[in-house]
A.B. asks: 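What follows is a single structure, and I will ask about it in a moment.
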Amino acid sequence: MNVIEAKNVTKIYKPLDFWKKEKIVAIRNINLEIKKGEVFGLLGLNGAGKTTLMKIFLGLLKPTSGTVRIFNDTIENRKIRERIGYMSELPYFPKYLKAYEILDYFADLFNIDPKIKKDKINEVLEIVRLSGRQNFKIKAFSKGMQGRLGLAQALLNDPEILFLDEPMSGFDPLGYKETRDIIIELNKKGKTIFFNSHILSEVEKVCDRVGVLHRKEIIDVQPIDQILKKHKNLEDYFINIINDEKVKK
Amino acid sequence: MRRILAVAEYIFKQNFRNKILNVLIIFAILSIGFSLLISELAKEVEIRMTKDFGLFSISIFAFLTLVLSLTIQLFEETELKTISMVIVKPITRAEFIIGKFFGIILTIFMNILFMFIILMVVIKIRGGDPWDLKLFLSVAGTFLSLSILTSVALFLSVITTSIPGCIIFLFFTYILGHLTVHLKNLQYKITNQLVYKIIDILYIMVPNLELFNLKDKIHTNFSLFTFDYILLIISYSIIYILIMLILTVIIFNKKEF
Ligand SMILES: Nc1ncnc2c1ncn2[C@@H]1O[C@H](COP(=O)(O)OP(=O)(O)O)[C@@H](O)[C@H]1O
Ligand SMILES: [Mg+2]
């Protein structure tokens, strides 16, 4: 069963300044289907359009043409949004608030039962290894810790689909491993995970399937074990496919 | 409802934890307390000056509180980008805007209340009567005019993309809001049709903040403090705020992040 679907999705950004004419085509004609329970990694160089595609799935951006469906429904539907979690690229939080207060806010937005709210917050803090820091102000948090907090807020509602935009950027190597463990753990519970990354060694270890977004288009989608049969690792595959495209053009 | 309250609480907390706002409150207290230093004058005059100066300080510092809360919010939204994680939560954009509105006016309310209590103490020390209904009503008027300005600030924040632009327009609204009545009163002298029309348009679009300026009238007998007048300005603010918030939500709904 497909839980995420994109059909012919194109996004053209309006010029940044109104007096300029040239429009920026960020992604073109994207078709993609993500199945329930899979871990899908979207690869691509900087500026390939990964964030743009994710934001379109989430309804933060509207596609210029084409359609997206989540659980065969639209993200505009509040009930659908109750079932997803999202962590943005490099999340930063207001520096004078405490970590606990920020999670408390997000828990209220999810309308989590006040009776279990406290337990829920402690649970996600535990998962991202921030327990003991919940009463620290964000001012005392490093980039990596803010990233963990970003992950924590995405887990509050026990999401069925988790969207993670570059979840490991800003993390240290231990953070990589922990994030990977979290993804694997969640996947075992049947959650679907869609994430963008360019840390290929990590993607290789957690993904069931990967897609490559290059020059605004998806040029390949394959199960990871297929790739590893033909290439020595994911990096090898990625470099090859990008270079092949260069030759074609 | 719970989500609106959550947003309001979040914004209120954020404002109050912010050091700049605390510095502002200290300045406000100093400037109200300043009148304790004047002492050459007759007692009546002293009390009168204390009231005038206190009410003036309250209105200025309340406006600065709005400017600062707005800056803090805009900064969070443009620089921290946490807003994208908020918008995907099961909250409607209308709930988010309404929550923000209440969060900001709650901040302003608490600041005004705090400054008002200080003013009452100072008046008491000077030997005056702090339990003055006119005094209370003029502070309430200041609060109403700031609620209107808050709705304008939210509107400006969705139509402009730059923080300085938004703040400058808010200052313009503040100044024009106090001026349009005077322009309207002078309008009959104007022969240029275009200027005449512009004044009409400004008079309708810009909130008429002078309506809420009761502080200049507290020493007059000519009473603006009738029940009808109070009712008028309350209805005016509610209507103005509703229109502003509706426009804000319409534009915010189309916004991409
Ligand atoms: N708000 C925007 N307005 C205009 N262009 C944008 C905007 N956001 C991204 N872009 C452009 O769209 C392209 C894709 O960006 P993005 O989706 O962020 O890529 P990635 O996440 O893969 O690094 C880039 O060329 C970028 O400059
Ligand atoms: Mg990106």
Side-chain angles (χ1 to χ4, degrees), chain A residues 11 13-14 16-18 51-52 54-63 70 75-98 101-102 104-114 137-139 146 149-151 153-154 156-157 159 163 165, chain B residues 1-23 68-69 71-100 102-103 107 159-162 165 251-257:
Chain A
K11 176 69 188 178
Y13 285 109
K14 291 192 195 85
L16 288 173
D17 299 302
F18 64 89
T51 298
T52 303
M54 184 173 288
K55 286 186 168 180
I56 288 174
F57 283 138
L58 291 161
L60 291 167
L61 292 172
K62 295 187 176 74
I70 305 282
I75 192 84
E76 303 287 313
N77 185 341
R78 190 196 280 247
K79 287 269 171 290
I80 298 298
R81 279 181 286 158
E82 278 172 6
R83 297 161 65 189
I84 65 169
Y86 164 56
M87 169 189 176
S88 73
E89 208 169 354
L90 294 175
Y92 288 100
F93 296 94
K95 56 179 179 176
Y96 296 112
L97 295 183
K98 294 173 186 161
E101 291 171 326
I102 287 168
D104 186 73
Y105 171 52
F106 284 112
D108 284 339
L109 295 182
F110 274 128
N111 206 11
I112 288 172
D113 184 353
K137 290 199 175 142
I138 300 304
K139 219 163 72 150
Q146 294 200 46
L149 189 59
L151 185 56
Q153 61 79 31
L156 279 167
N157 59 329
F163 288 91
D165 196 352
Chain B
M1 195 60 200
R2 177 171 172 204
R3 295 183 172 99
I4 294 176
L5 287 178
V7 177
E9 185 193 336
Y10 178 74
I11 288 188
F12 178 73
K13 256 192 211 156
Q14 222 179 316
N15 283 338
F16 258 75
R17 295 278 172 77
N18 222 293
K19 299 222 164 55
I20 322 168
L21 213 58
N22 299 344
V23 172
L68 279 177
S69 328
T71 315
I72 294 166
Q73 281 322 301
L74 288 173
F75 178 79
E76 185 189 336
E77 284 170 21
T78 55
E79 303 299 312
L80 305 183
K81 296 180 181 136
T82 28
I83 187 161
S84 69
M85 287 186 281
V86 174
I87 292 296
V88 299
K89 300 286 179 282
I91 177 176
T92 63
R93 296 195 182 184
E95 286 170 331
F96 182 68
I97 293 289
I98 295 167
K100 266 172 90 155
F102 283 111
T107 311
I159 60 169
T160 59
T161 44
S162 83
I251 298 168
F252 191 60
N253 268 328
K254 298 211 175 86
K255 206 165 162 150
E256 300 194 319
F257 296 92

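Labels below follow one simple rule: chain letters A, B, ... track the order of the sequence lines, proteins then strands, and each chain is numbered from 1.
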A.B. asks: Which pair of non-hydrogen atoms, one from Gly59(A) and one from Arg93(B), has the smallest distance, and what is that distance?
C.D. replies: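 For Gly59(A) versus Arg93(B), the nearest heavy atoms are O-NH2, 3.8 Å.
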A.B. asks: To the nearest 0.5 Å, what is the distance between OG1 (Thr82(B)) and OH (Tyr92(A))?
C.D. replies: 12.0 Å
A.B. asks: With a sphere of 6.0 Å drawn around NZ of Lys14(A), does it hold more than 12 non-hydrogen atoms of other residues, nucleotides or ligands?
C.D. replies: no
A.B. asks: If I measure from the heavy atoms of chain A, does Phe96(B) come under 4.5 Å with its side chain, its backbone, both, or neither?
C.D. replies: side chain
A.B. asks: Val7(B) vs Leu109(A), test: side chain to side chain contact (heavy atoms under 4.5 Å, CB included). Steps then yes/no.
C.D. replies: CA-CA 8 Å; Val7(B) 177; Leu109(A) 295 182; 4.1 Å; yes
A.B. asks: Are the side chains of Asn111(A) and Pro90(B) in touch, meaning some heavy atoms are under 4.5 Å apart?
C.D. replies: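 The answer is no; the side chains never approach within 4.5 Å.
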A.B. asks: With a 4.5 angstrom heavy-atom cut-off, which part of Ala107(A) approaches chain B: side chain, backbone, both or neither?
C.D. replies: backbone
A.B. asks: Quick check on Lys139(A) against chain B: is it the side chain, the backbone, both or neither that has a heavy atom closer than 4.5 Å?
C.D. replies: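 Lys139(A) touches chain B through side-chain heavy atoms alone.
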A.B. asks: Can you name the salt bridge (Lys or Arg N to Asp or Glu O under 4.0 Å) partners of Asp108(A), sequence neighbours left out?
C.D. replies: Lys117(A), Arg2(B)
A.B. asks: Once rounded to the nearest 0.5 Å, what's the spacing between atom OH of Tyr10(B) and atom CD1 of Ile102(A)?
C.D. replies: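 It comes to 5.5 Å.
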A.B. asks: So, taking the atom named CG in Leu97(A) and the one named CD in Glu76(B), what distance separates them when rounded to the nearest 0.5 Å?
C.D. replies: 8.0 Å
A.B. asks: Would you find a donor on one side and an acceptor on the other, under 3.5 Å apart, between the side chain of Arg81(A) and the backbone of Lys89(B)?
C.D. replies: yes
A.B. asks: To the closest 0.5 Å, what do you measure between CD1 (Ile87(B)) and OG (Ser88(A))?
C.D. replies: 12.5 Å
A.B. asks: What are the two closest heavy atoms between Arg17(B) and Lys98(A), and how far apart are they?
C.D. replies: NH1-N, 4.2 Å
A.B. asks: One thing to verify: whether Arg78(A) and Glu95(B) come together as a salt bridge, which I'm taking to mean a side-chain N less than 4.0 angstrom from a carboxylate O.
C.D. replies: yes
A.B. asks: Check whether Lys137(A) gets within reach of chain B through its side chain, its backbone, both or neither, counting any heavy atom under 4.5 Å.
C.D. replies: side chain
A.B. asks: Kindly indicate whether the side chain of Phe110(A), heavy atoms from C-beta on, has any atom under 4.5 Å from the side chain of Arg3(B).
C.D. replies: no
A.B. asks: So for atom CZ, which belongs to Phe102(B), do other residues, nucleotides or ligands contribute more than 12 heavy atoms lying within a distance under 6.0 Å?
C.D. replies: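 No - once you tally the heavy atoms of other residues, nucleotides and ligands closer than 6.0 Å, there are 12 at most.
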A.B. asks: Would you please name every residue forming a salt bridge (Lys or Arg N to Asp or Glu O under 4.0 Å) with Lys13(B), sequence neighbours left out?
C.D. replies: Glu101(A), Glu9(B)
A.B. asks: Measure the spacing between OH of Tyr105(A) and CD of Gln14(B) and express it to the nearest 0.5 Å.
C.D. replies: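 Answer rounded to 0.5 Å: 8.5 Å.
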A.B. asks: What's the spacing between Leu60(A) CG and Lys255(B) NZ if we round to 0.5 Å?
C.D. replies: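 Spacing of CG (Leu60(A)) from NZ (Lys255(B)) equals 13.0 Å.
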A.B. asks: For residues Phe93(A) and Met85(B), report the shortest heavy-atom separation together with the two atoms involved.
C.D. replies: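 Closest approach of Phe93(A) to Met85(B): CZ-CE, 3.9 Å.
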A.B. asks: When you measure from the side chain of Lys55(A) to the backbone of Phe257(B), do you find a donor-acceptor pair of N or O atoms at a distance under 3.5 Å?
C.D. replies: yes
A.B. asks: Looking at Asn18(B), Leu5(B), Ile91(B), which one has more heavy-atom pairs under 4.5 Å with chain A than the rest?
C.D. replies: Asn18(B)
A.B. asks: Given that the side chain runs from C-beta out, which part of Asn253(B) has a heavy atom under 4.5 Å from chain A: side chain, backbone, both or neither?
C.D. replies: backbone
